[in-house]
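The structure appears below as structure tokens.
All values below were derived from every heavy atom in this structure, side-chain atoms included, with hydrogens, water molecules and symmetry-related copies excluded.
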Amino acid sequence: MKFDNLSKKEIINYKDGLKLGHLGEAELLIDHNTGKIKALILPEKKLSINKKNNHEIPWDSVVKVGVDMVIVDLNS
């Protein structure tokens with residue numbers, strides 16, 4: 001899969017159907033010891049550089065990476 005296709009995927013919360021953003025807007029938090037993804041970090045606003053306004057989604061919360069979207073299961 002090309003990165004361009006991956007970046008267009010929308011991130012949706014399974015519990016309430018809330019659209020959280022697009023994967024292309026996210027940063028990855030990677031464990032330097034294992035090289036595995038620990039979390040997705042989504043900005044609250046696209047132009048936000050303030051880390052306090054970011055939402056961290058643990059990688060364990062990712063339920064499914066589908067054709068058009070990434071489904072996550074976050075507690076309300």
Side-chain angles (χ1 to χ4, degrees):
M1 176 176 292
K2 294 182 179 181
F3 178 75
D4 185 48
N5 294 340
L6 192 63
S7 69
K8 294 177 184 175
K9 292 183 186 291
E10 197 162 30
I11 301 172
I12 307 290
N13 187 17
Y14 174 77
K15 295 284 186 190
D16 57 11
L18 185 65
K19 296 177 181 181
L20 304 173
H22 288 88
L23 200 53
E25 300 169 346
E27 292 183 32
L28 299 177
L29 181 61
I30 298 177
D31 185 318
H32 295 287
N33 296 322
T34 64
K36 293 183 179 183
I37 300 171
K38 291 173 60 174
L40 299 173
I41 301 173
L42 283 171
E44 187 173 322
K45 298 176 185 174
K46 290 182 182 180
L47 300 176
S48 174
I49 57 172
N50 183 352
K51 294 289 184 187
K52 293 180 182 177
N53 290 334
N54 292 338
H55 299 285
E56 189 171 311
I57 301 170
W59 187 251
D60 292 343
S61 296
V62 174
V63 176
K64 177 80 174 170
V65 177
V67 175
D68 296 325
M69 63 186 72
V70 176
I71 306 292
V72 296
D73 188 359
L74 301 176
N75 294 332
S76 297

What's the separation between atom [atom1] in [X] and atom [atom2] in [Y], rounded to the nearest 0.5 Å?
{"X": "Ile37", "Y": "Asp31", "atom1": "CD1", "atom2": "CG", "value": "11.5 Å"}
{"X": "Ile11", "Y": "Ile57", "atom1": "CD1", "atom2": "CD1", "value": "5.0 Å"}
{"X": "Leu40", "Y": "Glu27", "atom1": "CG", "atom2": "CD", "value": "10.5 Å"}
{"X": "Leu29", "Y": "Trp59", "atom1": "CG", "atom2": "CH2", "value": "12.0 Å"}
{"X": "Leu20", "Y": "His55", "atom1": "CG", "atom2": "NE2", "value": "8.0 Å"}
{"X": "Ile30", "Y": "Lys36", "atom1": "CD1", "atom2": "NZ", "value": "13.0 Å"}

- request: Would you mind reporting whether Asn54 and Pro43 have side-chain heavy atoms less than 4.5 Å apart?
  value: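 They are in contact (side-chain heavy atoms under 4.5 Å apart), so the answer is yes.
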query: salt bridge (Lys or Arg N to Asp or Glu O under 4.0 Å): which pairs involve residues 62-75, sequence neighbours left out?
result: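 Only Lys15-Asp73 qualify under salt bridge (Lys or Arg N to Asp or Glu O under 4.0 Å).
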query: Do Ile71 and Leu42 belong to the same hydrophobic cluster, where Ile, Leu, Val, Met, Phe, Trp and Tyr are linked whenever their side-chain heavy atoms lie under 4.5 Å apart, directly or via other members?
result: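 Ile71 does not cluster with Leu42.
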- prompt: Are Leu18 and Val72 joined in one hydrophobic group, where the rule is that I, L, V, M, F, W and Y side chains link up if heavy atoms are under 4.5 Å apart?
  reply: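 Yes, it is one cluster - the side chains of Leu18 and Val72 are joined through contacts under 4.5 Å.
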message: For the backbone of Val67 and the side chain of Lys9, can you confirm whether one donor and one acceptor N or O come within less than 3.5 Å of each other?
response: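 The answer is yes, because a donor-acceptor pair under 3.5 Å joins these two groups.
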query: Under the side chain to side chain contact (heavy atoms under 4.5 Å, CB included) test, which residues partner Lys19, sequence neighbours left out?
result: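 By the side chain to side chain contact (heavy atoms under 4.5 Å, CB included) rule, Lys19 matches Glu10, Ile12.
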